[in-house]
2 protein chains.
Amino acid sequence: MVNKAKDISTEQKILEAARQVFFDKGMDGARMQDIADKAGINKALLHYYFRSKEKLFETIFAESFNNFFPKLSLILESDTDFSVKIEMICTAYIDQIHSMPYLPIFILHEVARQPESFLKKIWSSYPPPVKLFIKVVETAVKKKEIKPVHPLQVIMNIVSLCIFPFAAKPLLQQVTGISKKQFSVLMEERKKLVPQMIIQSIKK
Amino acid sequence: MVNKAKDISTEQKILEAARQVFFDKGMDGARMQDIADKAGINKALLHYYFRSKEKLFETIFAESFNNFFPKLSLILESDTDFSVKIEMICTAYIDQIHSMPYLPIFILHEVARQPESFLKKIWSSYPPPVKLFIKVVETAVKKKEIKPVHPLQVIMNIVSLCIFPFAAKPLLQQVTGISKKQFSVLMEERKKLVPQMIIQSIKK
DNA sequence: AGCTTTATTAACCATTTAGTTAAACAATAT
DNA sequence: ATATTGTTTAACTAAATGGTTAATAAAGCT
């Protein structure tokens with residue numbers, strides 16, 4: 001299963017192969033030889049371009065970590081109803097993860113293994129706008145648009161309902177016996193269901 | 001960091017050490033030497049008792065997989081209101097995972113790597129009562145106690161809201177900057193919040 | 001006690017794997 | 001064309017790691 005396409009650069013071929021292998025196996029399970037094979041190049045080139053497995057992993061991890069959070073600032077800063085914002089955020093999240101469903105398990109598994117300093121570093125380039133979200137919730141509370149709720153609980157509810165089904169997909173399929181297709185249908189339904197649920201839980 | 005206590009059997013010492021190491025590092029990251037050290041025994045004993053790393057892992061994984069699902073049948077079969085059942089299920093889930101918060105990441109990460117046949121085998125000894133849950137929901141729908149909802153969506157909502165915050169704990173702490181203690185407080189609150197949310201989302 | 005079986009250990013082995021090296025090849029400049 | 005620089009490869013190395021072995025110690029048995 002070699003990624004061909006001679007036009008794209010070697011570096012890009014390596015990155016794409018590394019993504020596939022790291023997402024599938026994690027840092028510890030990944031093999032440099034597998035990455036090289038998948039990229040269709042000699043293993044030494046991995047070190048020529050990225051020096052070490054650790055460095056290559058960090059590149060993929062940092063990129064994934066940033067992809068894991070949709071860009072919500074624009075939504076949060078927009079001049080729309082609170083409930084519209086919630087709906088837009090949920091849709092953005094579900095779409096984002098639906099397009100890279102392997103990310104949640106990968107990120108969750110690897111985050112625990114990374115030193116906090118490293119997380120802080122990569123995270124600070126595109127920090128998810130948590131503070132802004134908290135402010136938006138608190139403003140809505142003050143304006144009596146919603147119940148007095150803990151903003152962090154709202155965040156937890158949103159990310160839980162949007163992300164977890166993807167992380168648990170293999171488990172859910174195993175336990176419920178549903179097919180890939182049925183799963184996709186359920187996920188599509190959730191784009192409406194989840195925001196409804198969130199809004200209903202906080203509206204006055 | 002050696003597990004002493006000469007009274008417990010060697011096999012138990014191994015299992016406890018294996019749990020710690022496998023939960024922390026996963027199958028690929030775990031080292032037999034680390035397990036032996038943590039158990040305070042010679043590495044050869046691991047093979048004497050469990051033959052191979054794979055077999056030892058399977059033992060821990062099977063046990064964890066079963067622990068991952070609280071025993072819900074009694075609750076589902078009990079002669080109580082639907083909403084009471086929901087509340088009991090949520091509390092059972094949150095308590096269960098709160099007592100072993102490392103389980104979700106471990107299970108989610110490893111489930112994807114196991115062959116389906118193996119999952120089926122270990123899962124069949126204590127199958128989570130999915131069918132029963134579905135029946136309970138469908139009955140409540142027929143009796144017009146709740147809205148006509150897809151039972152699987154309800155399951156997804158419950159497990160998402162109960163489990164995900166634990167799986168994402170390191171990430172949430174990183175991103176929100178809250179302390180271990182604050183996190184525990186939030187989790188305690190969720191035992192009330194989550195069932196409220198579930199019930200509100202399906203009641204007529 | 002003395003014999004047998006079970007538990008435990010230190011030393012060893014074979015394989016895997018990240019990383020290196022030196023040489024070949026390709027592109028670019030002079 | 002030829003020197004120079006950057007790219008790619010096959011072969012190699014060193015360390016880590018799962019697993020084995022043969023010898024020793026402990027426990028059970030008669």
Side-chain angles (χ1 to χ4, degrees), chain A residues 1-64 106 109-110 113-115 118, chain B residues 1-62 106 109-110 113-115 118:
Chain A
M1 232 192 272
V2 174
N3 290 333
K4 42 202 160 179
K6 186 68 198 170
D7 42 352
I8 61 170
S9 75
T10 303
E11 194 172 331
Q12 285 305 313
K13 280 194 283 185
I14 292 175
L15 284 172
E16 182 48 31
R19 268 179 219 115
Q20 292 181 28
V21 175
F22 279 132
F23 290 160
D24 188 35
K25 312 273 177 135
M27 165 69 181
D28 290 328
R31 295 291 161 255
M32 294 295 266
Q33 189 61 60
D34 290 353
I35 297 175
D37 291 349
K38 199 152 268 186
I41 55 156
N42 188 281
K43 183 166 71 81
L45 272 187
L46 300 180
H47 294 95
Y48 180 77
Y49 280 91
F50 293 93
R51 215 171 85 197
S52 69
K53 183 183 181 185
E54 193 65 36
K55 283 264 186 297
L56 177 55
F57 174 80
E58 283 180 12
T59 305
I60 301 299
F61 180 79
E63 155 194 302
S64 308
F106 173 73
H109 177 75
E110 300 294 348
R113 303 179 352 94
Q114 307 306 321
F118 172 64
Chain B
M1 236 194 270
V2 173
N3 289 332
K4 43 201 160 177
K6 186 67 197 168
D7 42 354
I8 61 169
S9 75
T10 303
E11 195 172 331
Q12 286 305 314
K13 280 193 284 185
I14 292 175
L15 285 171
E16 182 48 32
R19 268 179 220 114
Q20 292 180 28
V21 175
F22 279 131
F23 290 159
D24 189 34
K25 312 272 178 137
M27 166 68 181
D28 290 329
R31 294 292 160 252
M32 293 296 264
Q33 190 61 61
D34 289 352
I35 297 175
D37 291 349
K38 199 154 268 188
I41 55 157
N42 188 282
K43 182 165 71 85
L45 272 187
L46 300 180
H47 295 95
Y48 181 77
Y49 280 92
F50 292 92
R51 219 173 83 196
S52 68
K53 183 183 181 185
E54 192 65 37
K55 284 262 186 297
L56 178 55
F57 174 80
E58 283 180 12
T59 305
I60 300 299
F61 180 78
F106 173 73
H109 177 74
E110 300 294 347
R113 304 180 349 96
Q114 306 306 320
F118 172 65

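Bear in mind the structure is a predicted one, so any value in this text is a computation, not a measurement. Protein chains get the first letters and strands the later ones, always in sequence-line order, with residue 1 at the start of each.
- If you take CD1 of A:I41 and P of D:dT9, they are 7 Å apart, rounded to a whole angstrom.
- A:H47 places its NE2 atom 7 Å from the P atom of C:dA18, with the value rounded to the nearest Å.
- Between B:R113 and B:M27 the shortest heavy-atom distance is NH2-CG, 3.3 Å.
- A:A36 and A:K43 get closest at one heavy-atom pair: CB-CA, 3.7 Å.
- Between the side chain of B:K43 and the base of D:dG19, at least one donor-acceptor pair of N or O atoms lies under 3.5 Å.
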**Prompt:** Can A:F22 and A:I35 be said to form a side-chain contact (heavy atoms from CB on, under 4.5 Å), step by step?
**Reply:** CA-CA 9 Å; A:F22 279 132; A:I35 297 175; 4.1 Å; yes

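- Between the P atom of D:dT9 and the CG atom of A:D37 lies a distance of 12 Å, rounded to the nearest Å.
- The distance from atom CZ of B:F50 to atom P of D:dG19 is 14 Å, rounded to the nearest whole Å.
- Distance from the side chain of A:S52 is smallest to C:dG19 among C:dT21, C:dT9, C:dG19.
- The two residues B:E110 and B:G26 make their nearest non-hydrogen contact at OE2-CA, 3.4 Å.
- Between B:T10 and the phosphate of C:dA7, there is no side-chain N or O to OP1/OP2 separation shorter than 4.0 Å.
- Counting non-hydrogen atoms under 4.0 angstrom, A:L46 reaches nothing in the nucleic acid.
- Sorted by first then second residue, the side-chain hydrogen bond (donor to acceptor under 3.5 Å, both in side chains) pairs that include residues 21-35 of chain A, not counting sequence neighbours, are A:Q33-A:D37.
- Taking the side chain of B:Y48 as heavy atoms from C-beta on, and the options C:dT20, C:dT6, C:dG19, the nearest nucleotide is C:dT6.
- Taking each heavy atom of B:I41 and B:T10 in turn, the nearest pair found is CG2-CG2, 4.3 Å.
- For the pair A:K53 NZ and C:dT17 P, the interatomic distance rounds to 9 Å; values are reported in whole Å.
- Comparing D:dG18, C:dT9, D:dT9 by their nearest atom to the side chain of B:N42 picks out C:dT9.
- Here the C1' atom of nucleotide C:dA18 and the CG atom of A:L45 are 15 Å apart, to the nearest Å.
- Contact annotation for A:Y49: backbone-only contact, meaning every heavy-atom pair under 4.0 Å involves sugar-phosphate atoms and none involves a base.
- A heavy atom lying under 4.0 Å from DNA chain D marks the following residues of residues 21-35 of chain B, by number: B:A30, B:R31, B:M32.
- Ring geometry, A:H109 versus B:H109: the interplanar angle falls under 30°, so the pair is classed parallel (tilted spans 30 to 60°).
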